[in-house]
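Please read the structure below before turning to the comments.
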Amino acid sequence: MPERFYVTTPIYYVNDRPHIGHVYTTTVADIVARYERLRGKEVFFLTGTDEHAAKVVDSAEAHDMTAQEWADRNAAQFQKAFEDLGMSHDDFIRTTEDRHKTRVLRYVQAMMESGDVYLGEYEGWYDAGQEEYLPENKAREFEFKSPINGKPLVKKSEKNYFFRLSGYSDGLLAHLDEHPDFLIPPARKNELIGRIEEGLNDVPISRTGADGWGIPMPGDETHTIYVWIDALFNYLTTVDTDDRRAFWPCTMHLLAKDILWFHAAIWPAMLMALGKCPGYEWVGLPGQVCAHSFWIAEGRKMSKSLGNFVDMERIQDYVERFGVDALRYFLAGYGPVGASDRDFAEARFIEAYNKELANVVGNGVNRVATMVGKYCDGTLPEPGDPVPEAEDLRTSVHAAYDRYVPAMDSVRLDQAVEAAVDVFRAMDVFIDRTQPFKRAKDPAEAGTVRTILRECTEAIRIGSTLLSPIMPERMGEVWRRYGFAEPAPGVDSMAAARAWSQVAGGTSVEKGDPLFARYQPPA
RNA sequence: GGCGGUGUAGCUCAGCUGGUUAGAGCGGAGGAUUCAUAAACCUCAGGUCGAUGGUUCGAGUCCAUCCACCGCUACCA
């Protein structure tokens, strides 16, 4: 029975246009999913759309559509974007689907019966645009206008259903203490603990006047389940089926830092509450919440007012110029996976592309293929005479491998990428030291040339395996050219790849076009 | 206001529990080579390690204070 691995992205707000933020989180999830599949695990990778916000109704009206039509149209844009980028998600959940709605109802019903959801009264300043209440002090700070769109806040008092978050601060703190890796990066965990220790209030989880859009509170049609609560449950509803239930608890939730509180405080508390209900004993807490930071665009914060979002059009432009895999490489290697924001800047992209992908990885693959072609008639030779420098190569490659695995396991994609590229750097150094191209002129050295090229081939096999979750298409092409076996599902191909001397001689090696053609900026 | 973080060569950053002349990559300069994508290779950076004051035989590396910026959060108006 293979180990299971369940990874999620947030479900994306269907009123948004897909942009670099969505693409980034989903790409990171995709890389994690591919890596874990390579580890031989049974992976379930989920993404989707969050559709029950009241603003969806407004936007639909503005476009002369029904809310459902509008949601359909926009959800399709996300689906297309992820499809175009080759994401390997196993399912795409939409909160307007019956399979989601029916289960959310059951969960909330159960928590009402257990007393963790109760009817109470809430008074506050409501921001209709954000569908959020602001506490009195906060509202005053913004002069009773929405901090987002500047529209006046509305003083509202209403009966609401509340979730008893206040009852879970000890439970949350204990969980964070017992599971040090529950929330990464560590800086976020400190923030979270600090905030929990300041005290937790119960949170309203329903609103009124939703006009039939959204999921009604069980037994009270006048209330609709607050969209955030509805949305969080997607992680559970999608796998709450007989054949998928074993994927719960979710292994990893990936998300951006702005929605950390919902995922690392409210969501786990809700799961604790639900897990106490009869029939839901199987509902445990997710293994890890991984909160990355933001991309900024060419040094400036992305904002609607600046209109400088890196949108799909711009992303497509990068894909056309550099390829999807190069985009993935940049996102992984230079992205805000840690606690600080990163700059999506063309100059950084081109530098990474030329210096690492073209000059090191692509060039290395090409370099060896050419030599095999010239010195061995394009056929991978059997090893020949010993070459002492090979020991250094193996040591370097294994050291890189051993840095890569823990980096991937902790979602430090930047470090993982660097380690993987180091394999190719080590191979370059090895070639420079041993100079097979000089030895090739001396017939007495034919045996060492064969050995050198075989060693290089091993390095390429291992390096391409490490890079394959990040650049599946290009690394697949390397495997094809060199005749390497494709990783088989269900076995830990990553662990197996570490061993040396796995490539059989006698297979032909194809040179092919440059893997990553050097990019010349238009002068 | 509180808590936390960051501030190291032109740029992007490494520097774990304090210890020989403070590192890498990129950019820039020179050289060498030809197996490779006009690329890969070698050499070259004398930078108050944000500021000041401490602890110590010895501090980017610990302590205090201050400055700048960032994050979470509170409060006042």
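Within every chain, numbering begins at 1; the chains are lettered A, B, ... in the order of the sequence lines, protein sequences first and strands thereafter.
Residue Phe437(A) contributes atom CZ, which lies 12 Å from atom C1' of A32(B) at whole-angstrom precision. Distance, Ile296(A) CD1 to U12(B) P: 11 Å, rounded to whole Å. Between Phe430(A) atom CZ and C35(B) atom P the separation is 18 Å, expressed in whole Å. Lys189(A) has its NZ atom 19 Å from the C1' atom of U73(B), to the nearest Å. At whole-Å resolution of the value, CD in Gln415(A) and C1' in G25(B) are 15 Å apart. With rounding to whole Å, Ile350(A) atom CD1 is found 14 Å from G27(B) atom C1'. Rounded to whole Å, the distance from CD on Glu356(A) to P on A24(B) is 17 Å. When rounded to the nearest whole Å, the span between CD of Glu418(A) and P of G15(B) equals 11 Å.
Along RNA chain B, the nucleotide nearest Lys374(A) and the nucleotide nearest Asp341(A) are compared for position; the residue whose nucleotide lies closer to the 5' end is Asp341(A). Comparing Ile431(A) and Arg348(A) by the nucleotide of RNA chain B whose heavy atom lies nearest to each, the residue mapping closer to the 5' end is Arg348(A).
Partner assigned to U21(B) is none, using Watson-Crick or G-U wobble distances below 3.5 angstrom. Using the Watson-Crick or G-U wobble rule with both distances under 3.5 Å, U55(B) pairs with nothing in any strand shown. Pairing for U48(B) is absent, with no Watson-Crick or G-U wobble pair whose two atom distances lie under 3.5 Å. Under the Watson-Crick or G-U wobble criterion, with both distances below 3.5 Å, C35(B) is left unpaired in every strand shown. In this structure, G10(B) and C26(B) make a Watson-Crick or G-U wobble pair, each of the two defining distances being under 3.5 angstrom. Pair check for G1(B) finds U73(B); Watson-Crick or G-U wobble, both atom distances under 3.5 Å.
Of all nucleotides listed (G27(B), C72(B), A39(B)), G27(B) comes nearest to the side chain of Lys355(A). Listed nucleotides C35(B), C72(B), A39(B) differ in distance to Glu191(A); the shortest reach to its side chain belongs to C72(B). Distance from the side chain of Lys438(A) is smallest to U33(B) among U33(B), C26(B), C41(B). Of the candidate nucleotides A39(B), C35(B), U37(B), U37(B) has the atom lying nearest to any side-chain atom of Ala358(A). Proximity note for Arg518(A) (side chain, C-beta onward) versus U73(B), C35(B), A39(B): the nearest is A39(B). Closest approach to the Glu198(A) side chain among C35(B), C72(B), U73(B) is made by U73(B) (side chain taken as heavy atoms from C-beta onward).
Counting non-hydrogen atoms under 4.0 angstrom, Tyr375(A) reaches the backbone sugars and phosphates but no base. Residue contacts for Leu515(A): at a heavy-atom cut-off of 4.0 Å it reaches a base atom on one of the strands shown.
If you take atom C1' in A64(B) and the same atom in G23(B), they sit 29 Å apart, rounded to whole Å. Comparing the C1' positions of C44(B) and G19(B) gives a spacing of 29 Å, expressed to the nearest Å. For the C1' atoms, the distance from U12(B) to A45(B) is 16 Å, rounded to whole Å. Of the P atoms belonging to G50(B) and G15(B), the separation is 14 Å, rounded to the nearest Å. Only the C1' atoms considered, C49(B) is 26 Å distant from U43(B), to the nearest whole Å.
Shown here, G60(B) is classed syn by the O4'-C1'-N9-C4 or O4'-C1'-N1-C2 angle, which is within 90° of 0.
Separating the CG atom in Leu331(A) from the OH atom in Tyr24(A) is a distance of 7.5 Å, to the nearest 0.5 Å.
Ring geometry for Phe322(A) versus Phe349(A): interplanar angle of 30 to 60°, hence tilted.
Here Asp16(A) does not pair with Lys55(A) in a salt bridge; the nearest charged N to carboxylate O distance is not below 4.0 Å. Checked for salt-bridge contact, Asp311(A) and Arg314(A) miss the test: no charged N lies under 4.0 Å from a carboxylate O.
Between Arg195(A) and U73(B), a side-chain N or O to OP1/OP2 separation shorter than 4.0 Å is present. Within the structure, every side-chain polar atom (N or O) of Lys511(A) is placed at least 4.0 Å from both OP1 and OP2 of C35(B).
Counting heavy atoms of neighbouring residues, nucleotides and ligands inside a 6.0 Å radius, atom CZ of Arg433(A) does not exceed 12 of them.
Between the side chain of Gln288(A) and the main chain of Thr251(A), no donor-acceptor pair closer than 3.5 Å is present.
Here the side chains of Phe182(A) and Pro268(A) are in contact, with some heavy-atom distance below 4.5 Å.
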